[in-house]
Amino acid sequence: MNLDIEIPNRNFHELCNVIKWKETPHTYNKEELQAKSIADVLYNNMTFDSDDVLKHSYSCAHGKEGTFNYLLSGKSDEELQNDVSQIYHCYSCYILLPSEYYILSNRLLREGNYLQWLTLLQNLKHLFLQSVLIMELKAEQHFLAILHNLEKYHFEYPKTMAALIREYWFEWSQQVSVNLHSYTLNEDNDYDKRFLQIQRQGELKYNDWKAHLKDHIKVMFEKLQICFTEQELTRWAATLKLKQRESRKDVHYEAYNKLTELIKDYIINKYNATYWDIDTGDFDYLVLVIDILLNDEEPNVSKLESAIKTIINNIKNNTYKWYPTLDSNSIANLNTIINAITHMGNSGKLLLEKESKLCHIVYEGWNATSENNLYDKLQSECFIFCCQLLLVSASEAFNDEIERELFWNKVTESLFRQIHVCDNKHFIERYYKHVLILAALIINQKHKEGEMEFLNKVKMEIIDENIQKEIISQVLHKK
C-alpha cells in the first residue's frame with residue numbers, strides 16, 4: 001500500500017480500517033478473478049466496444065441511458081462546458097464502470113503510465129464513462145501529467161474533458177484538506193499503537209499541504225492554461241463563491257473557502273485583463289476582472305469605468321438579479337466596485353450621482369406591476385444607494401471631512417425620502433431594510449458622528465418595530 005497516495009485520499013479512521021481489512025485473509029471470488037484477468041488483457045491491448053461498456057455501466061448502477069441524453073443532445077463542446085458541474089455530479093448516481101476498468105486505471109496510474117491511461121480515457125469515447133474514469137485520479141502528479149498530454153489525444157468534447165478534470169481537481173483538493181485534517185485530531189481511539197506512526201505521517205502531510213497549497217494552485221493553473229485561456233479560467237473562478245459557515249468550525253467550508261480565496265488571489269496577481277472584453281459577462285466575473293485591473297500599478301481607468309457601467313446597466317435592465325444582501329460575498333463585491341469608483345476620482349462620484357437620479361422610483365400608490373418594471377428599478381436604485389453609502393467609508397474618495405459629511409447627508413436624505421413615500425411593505429422588508437442595515441454598519445464602524453440623527457430617522461420612517469430593532473441593533477452593536 002502506497003501511503004503517499006492513500007493518506008491524502010482517506011481520512012485517518014478509514015485508512016486504519018482499510019489496512020486491517022487488507023491484513024485479513026481474502027479469497028478472490030469468480031467475478032473478481034475474471035475482472036483482474038480482463039484487466040490484464042486490456043493492459044496489453046486496449047481494444048474494446050465502448051457502447052457495450054456503456055450499457056454494462058448503466059446496468060451496474062441501475063441507471064438509464066435516457067437520463068443523460070438530454071444533457072448532450074445537440075450541444076457543442078463550448079455549450080457543454082456550462083453543464084460540467086451537472087455532468088460531473090450526476091455520474092455517481094447512474095454510472096458504474098465494470099471492475100476491470102478500475103483495476104486497469106489504478107495499475108496505469110500506479111506505474112505512472114499516463115499515456116496509456118489517456119488511451120484508455122480516449123477509447124471509452126462516451127463522456128459519462130470518461131467522467132467516471134477521471135474520478136480515479138488521486139494525486140497532484142496525476143492531474144498535471146494528464147493535462148500536460150491531453151491535447152495529444154482525440155476527444156469528442158476536448159474542452160469539456162479538460163473542464164471535467166479541472167472540476168474534479170477542485171473537489172479533490174478540498175477533500176484532501178479535509179482528509180489530512182483528520183490526522184491532526186487527538187481523539188481517544190481503540191486503534192493499536194502501530195497506527196500512531198501513520199497519524200504522525202498524516203499530520204506532517206497536512207502541514208506540508210497547507211504550507212504549499214498556493215504552490216499547488218500555481219502549477220495546476222500553469223497546466224490548465226494548455227487547455228484554457230486566462231479569460232476562460234477567470235470566468236470559471238468567478239463562479240466560486242465563499243460559503244457561510246454553518247458552525248463555528250466546519251472543515252469542509254474552511255477547505256472550500258481557502259482554496260477559492262487562493263485561486264482568486266492567484267488570478268488577480270498573475271493575469272492581465274487590459275485587453276479583455278468587459279462589455280459582457282456575469283456580475284461575479286466582472287467584479288473579478290475589476291480586481292485584476294485594480295492590481296495593476298496604474299489601473300486602466302477607462303476599463304474600470306466600462307466595467308462599472310456594464311454592471312449598472314445589466315442591473316437596470318434586469319440581466320443581473322441583484323438583492324441588497326449583506327453576506328461576505330456581497331460586501332466583498334461591493335467593496336471591489338467602490339475601490340474602482342474611487343480610482344475613477346470625481347468621475348466615479350458623478351457616475352453614481354447620475355445613475356441615482358435615473359433610477360429613483362416615483363411611487364404612485366401600489367404601482368408595482370410587471371408592466372412598469374418597478375422591481376427592476378428598485379434593485380438598481382438600492383444598488384446605487386449601497387455603492388454611495390460604502391463610498392463614504394473610502395476616505396480617499398473625498399477632499400476633506402466636510403465634503404464626506406455633505407455626501408453622506410445627501411445620500412441618506414435621499415434614501416429616507418424614498419422610504420417615506422414608499423407604500424409597498426414588501427419593498428421595505430426585502431430591499432430598503434438591507435440598505436439601512438448597511439448604513440447602520442457604516443455608522444458603527446466609520447461614521448459615529450451621524451449616529452443620533454440616523455437613529456431618529458429610522459424610528460420616524462420605519463413603522464415595523466421588528467425592522468426598527470434589526471437596524472438599530474447594528475448601530476449600537478459594539479465591534
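Residues: numbered from 1 along the sequence shown.
Salt bridge status for D284 with K241: present, with a side-chain N to carboxylate O gap under 4.0 Å. Between E32 and K36 there is no salt bridge, since no side-chain N of the basic residue sits under 4.0 Å from a carboxylate O of the acidic one. Using a 4.0 Å cut-off between charged nitrogen and carboxylate oxygen, E230 and K270 do not count as a salt-bridge pair.
Within the structure, the salt bridge (Lys or Arg N to Asp or Glu O under 4.0 Å) test picks out no pair touching residues 142-156 (sequence neighbours left out).
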Step-by-step side chain to side chain contact (heavy atoms under 4.5 Å, CB included) determination, L137 to W169: CA-CA 9 Å; L137 302 177; W169 166 80; over 6 Å; no
Salt bridge (charged side-chain N to carboxylate O under 4.0 Å, His left out) between K205 and D4, worked out: CA-CA 9 Å; K205 284 185 176 295; D4 286 335; 3.0 Å; yes
side-chain hydrogen bond (donor to acceptor under 3.5 Å, both in side chains) between H181 and N11, worked out: CA-CA 8 Å; H181 179 266; N11 66 48; over 6 Å; no
Audit row: Y323, S330, side chain to side chain contact (heavy atoms under 4.5 Å, CB included) steps and yes/no: CA-CA 9 Å; Y323 299 102; S330 298; over 6 Å; no
Stepwise side-chain hydrogen bond (donor to acceptor under 3.5 Å, both in side chains) test for E381 and Y432: CA-CA 10 Å; E381 180 185 72; Y432 289 124; 2.4 Å; yes
From CA spacing to verdict: side chain to side chain contact (heavy atoms under 4.5 Å, CB included), L127, L164: CA-CA 10 Å; L127 188 61; L164 280 166; 3.7 Å; yes
Candidate pair F228 and W236, rule ring pair (Phe, Tyr, Trp, His ring centres under 6.0 Å), full reasoning: CA-CA 10 Å; F228 301 100; W236 171 72; 8.5 Å; no
Verdict with supporting geometry, D291 and K264, salt bridge (charged side-chain N to carboxylate O under 4.0 Å, His left out): CA-CA 9 Å; D291 267 323; K264 291 186 177 181; over 6 Å; no
E6/R10 under salt bridge (charged side-chain N to carboxylate O under 4.0 Å, His left out): CA gap, chis, key distance, verdict: CA-CA 6 Å; E6 293 295 333; R10 299 184 188 276; 2.7 Å; yes
Test ring pair (Phe, Tyr, Trp, His ring centres under 6.0 Å) applied to F48 and Y101, step by step: CA-CA 11 Å; F48 53 85; Y101 293 94; 5.3 Å; yes
CA sep, side-chain torsions, deciding dist, call: K218, Y266, side chain to side chain contact (heavy atoms under 4.5 Å, CB included): CA-CA 7 Å; K218 177 179 179 293; Y266 173 82; 3.9 Å; yes
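No donor-acceptor pair closer than 3.5 Å links the side chain of N149 to the backbone N or O of L118. With hydrogens and angles disregarded, no donor-acceptor distance shorter than 3.5 Å links the side chain of N45 to the backbone of V41. Under a 3.5 Å cut-off, the side chain of N257 and the backbone N or O of L242 do not form any donor-acceptor pair. The main-chain N or O of I331 is found under 3.5 Å from a side-chain atom of N335 such that the two form a donor-acceptor pair. Using a distance-only test at 3.5 Å, with no hydrogens or angles considered, a donor-acceptor pair links the side chain of T310 to the main chain of I278. Side-chain atoms of S306 do not come within 3.5 Å of backbone N or O of K303 as any donor-acceptor pair. No donor-acceptor distance shorter than 3.5 angstrom exists from the side chain of T342 to the backbone of A397, with no hydrogens or angles considered. When atom types are taken as modelled, the side chain of Q199 and the backbone of L185 share a donor-acceptor pair closer than 3.5 angstrom. In this structure a side-chain-to-backbone donor-acceptor pair under 3.5 Å is missing from Q474 to L441. No donor-acceptor distance shorter than 3.5 angstrom exists from the side chain of Q174 to the backbone of A255, with no hydrogens or angles considered.
Donor-acceptor pairing under 3.5 Å is lacking for the side chains of Y168 and E136.
Residues K138 and H142 come closest through the heavy atom pair N-ND1, 3.0 Å. Between L150 and F155, the shortest heavy-atom contact is CD1-CE1, 3.6 Å. L288 approaches A238 most closely through the heavy-atom pair CD2-N, 3.9 Å. Nearest heavy-atom pair, I337 versus F383, reported as atom, atom and distance to 0.1 Å: CD1-CZ, 3.8 Å. Among all heavy-atom pairs drawn from L259 and S173, the shortest one is CD2-CB, 3.7 Å. Listed here is the closest heavy atom pair of V289 and A273: CG1-CB, 4.0 Å.
Between I311 atom CD1 and T319 atom OG1 the span is 12.5 Å, to the nearest 0.5 Å. Rounding to the nearest 0.5 Å gives a distance of 9.0 Å between CG of N300 and OH of Y275. Residue L180 holds its CG atom at 11.0 Å from CD of Q201, rounded to the nearest 0.5 Å. Distance NZ/K214 to CG/D265: 7.0 Å, rounded to 0.5 Å. Between the CG atom of L129 and the CG atom of L97 there is a distance of 5.5 Å, given to the nearest 0.5 Å. Atom-to-atom distance recorded for E31:CD and E100:CD is 11.5 Å, nearest 0.5 angstrom.
When side chains are defined from C-beta on, R430 does not count as touching L378, because their heavy atoms never get closer than 4.5 Å. Contact check for Y102 versus V132: side-chain heavy atoms found under the 4.5 Å cut-off. Between H434 and F385 there is no side-chain heavy-atom pair separated by less than 4.5 Å. The closest side-chain heavy-atom distance from P299 to L304 is below 4.5 Å. Within the 4.5 Å cutoff, the side chain of E78 has heavy atoms near those of the K159 side chain. Within the 4.5 Å cutoff, the side chain of L144 has no heavy atoms near those of the H148 side chain. Residues I7 and Y183 meet the side-chain proximity criterion, which asks for heavy atoms closer than 4.5 Å. Using a 4.5 Å heavy-atom cutoff, the side chains of L15 and N179 are not in contact.
With respect to E355, the side-chain hydrogen bond (donor to acceptor under 3.5 Å, both in side chains) criterion is satisfied by exactly one of Q388, K309, K316: K316.
Judged as a side chain to side chain donor-acceptor pair (under 3.5 Å), and not counting sequence neighbours, the contacts of Y320 are N314.
Ring geometry for W209 versus W172: interplanar angle over 60°, hence perpendicular rather than tilted (30 to 60°). Ring planes of F427 and Y431: perpendicular class, angle over 60° (limits at 30 and 60°).
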Acceptor/donor pairs from residues 108-116 side chains to any protein atom, 3.5 angstrom cut, sequence neighbours excluded:
residue	atom	partner	partner atom	Å
E111	OE1	Y43	OH	2.7
E111	OE2	R107	NE	3.2
N113	OD1	Q116	N	3.4

